[in-house]
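Computed from a predicted model, the values in this text were never measured in an experiment. Order of the sequence lines fixes the chain letters, A, B, ..., with proteins taken first and strands second; residue numbering starts at 1 for each chain.
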2 protein chains.
Amino acid sequence: MKELPKISEAEWEVMKILWTRSPQTGNEVIEALEGQMDWKPKTVRTLISRLLQKNAIAFQEAGRTYLYYPLVSQDDYVQTETQSFLKRLYGGAVKPLLVHFLREQQLSSDEISELKRILDEKTEEGQDRDRRKDR
Amino acid sequence: MKELPKISEAEWEVMKILWTRSPQTGNEVIEALEGQMDWKPKTVRTLISRLLQKNAIAFQEAGRTYLYYPLVSQDDYVQTETQSFLKRLYGGAVKPLLVHFLREQQLSSDEISELKRILDEKTEEGQDRDRRKDR
DNA sequence: TATATTAGACTACACGCGTAATCCAAAAAT
DNA sequence: ATTTTTGGATTACGCGTGTAGTCTAATATA
């Protein structure tokens, strides 16, 4: 897998805007963040510049202005970040986190059912793998 | 809940040492990190100082040297960090993360069984709550 | 055409962090 | 007693980040 540029917390907000819709002009991004982030327009433009430098986004020229769009997918991002987060806090072991969350979180019956269904699928795969490799 | 001091990644390594055993002298901490982190002793001492300033740890004097111990619990920490991580990446929604991990991770049959058991418990609680509040 | 506006480029600046080195007083060693 | 070692305090320094402000060239406006 390729190296994803490191995106800071503030930059992340900009990325979210561009992930939900793109391409957008700087002003559109600024507007989208308004009232939500309480940032001066210049601040947003700085963040955009930094994301450009990091190759997290790019632009096409549209007359006198630029249309920005993401170069990395949110999924890739969430994936990698989650991985490193887990490593840091849970020593890479996913189960403790899962246990923690299954226990602590408010989950609706529907959600619980869905999670169980997923686990059932995993059980089958697991047995499959066990047969092939572990025994 | 009280405010937990912000602990950086490097500082976290020091905290882990003190969480597994405390109190410890600076040298003990340095030794415990040796070979694992490739930090100069002075670096570790800097981290210790910063943790003191942040009130993440404290010490008792023992003759000419100090014995350091944590002031915050690892559990509290993991909890808060996880919370803010989730908020940042998953918009606070836990289910997508759970789905993601249940799907992607290698889990043993035993682990899967345990997770299912937990979900079963939740189902009961959920029905309970439903009876009391939702209907 | 002269002027005001504006998008993007460049500059600013303090604070946290990673990564130490230097300084100093007290203890250990000679 | 003098010298060496050492734990802790203080200082260093470059990079990333949050949070903008200034500069400039082009465009919109009067």
Given the options B:Tyr69, B:Trp12, B:Tyr68, B:Trp19 meets ring-ring contact (aromatic ring centres under 6.0 Å, His included) only with B:Trp12

Among B:Leu47, B:Ile30, B:Ile57, which one satisfies side chain to side chain contact (heavy atoms under 4.5 Å, CB included) with B:Val14? B:Leu47

Output the rounded distance in Å from CD (A:Glu61) to P (D:dT27). 11 Å

Considering only heavy atoms from C-beta outward, does the side chain of B:Lys6 approach that of B:Glu11 to under 4.5 Å? no

Given D:dA20, D:dG18, C:dA20, the nucleotide with the shortest approach to the side chain of B:Thr43: C:dA20

Just to be sure I understand the rule, does A:Lys42 reach a base, reach only the sugar-phosphate, or reach nothing, if contact means heavy atoms closer than 4.0 Å? base

Yes or no on side chain to side chain contact (heavy atoms under 4.5 Å, CB included) for A:Arg45 and A:Asn27, after CA distance, side-chain angles and deciding distance? CA-CA 9 Å; A:Arg45 280 182 188 283; A:Asn27 280 339; 3.0 Å; yes

What is the distance from CD1 of A:Ile48 to P of C:dC10, rounded to the nearest Å? 16 Å

In whole angstrom, what separates A:Arg45's CZ from C:dA9's P? 9 Å

How is B:Thr65 classified with respect to the nucleic acid when contacts are heavy atoms under 4.0 Å: base, sugar-phosphate, or nothing? sugar-phosphate

Taking atom NZ as the centre, does B:Lys16 end up with more than 12 heavy-atom neighbours from other residues, nucleotides or ligands that are less than 6.0 angstrom away? yes

Decide yes or no, distance alone: a donor-acceptor N/O pair under 3.5 angstrom between the base of D:dA20 and the side-chain of A:Thr46. yes

Per the atom types in the model, does the base of C:dT19 pair as donor or acceptor with the side chain of B:Arg50 at under 3.5 Å? yes

Report the distance from atom CD of B:Gln60 to atom C1' of D:dG8, rounded to the nearest whole Å. 17 Å

Show the numbers, then the answer: is there a side chain to side chain contact (heavy atoms under 4.5 Å, CB included) between A:Leu86 and B:Phe101? CA-CA 11 Å; A:Leu86 281 178; B:Phe101 277 102; 3.3 Å; yes

Output the single nucleotide from C:dA21, D:dG8, C:dG8 whose closest atom is nearest the side chain of A:Tyr68. C:dG8

To the nearest Å, give me how far apart CG (A:Leu47) and P (D:dG21) are. 14 Å

Would you call A:Val29 and A:Leu33 a side-chain contact if the rule is heavy atoms closer than 4.5 Å? yes

Interface residues of residues 27-38 of chain A with DNA chain C (non-hydrogen, below 4.0 angstrom): A:Asn27

Among D:dG18, C:dG8, C:dA20, which is the nearest nucleotide to the side chain of A:Ser8? D:dG18

Quick note, B:Lys54 side chain, CB onward, closest among C:dT19, C:dC17, C:dG8 is C:dC17

Would you kindly compare A:Arg64 and A:Trp39 by the position of their nearest DNA chain D nucleotide and give the one closer to the 5′ end? A:Trp39

Interatomic distance, A:Lys40 NZ vs C:dT6 C1' [rounded to whole Å]: 18 Å

For B:Gln53 and C:dC17, what is the distance between atoms CD and C1' respectively, to the nearest whole Å? 12 Å

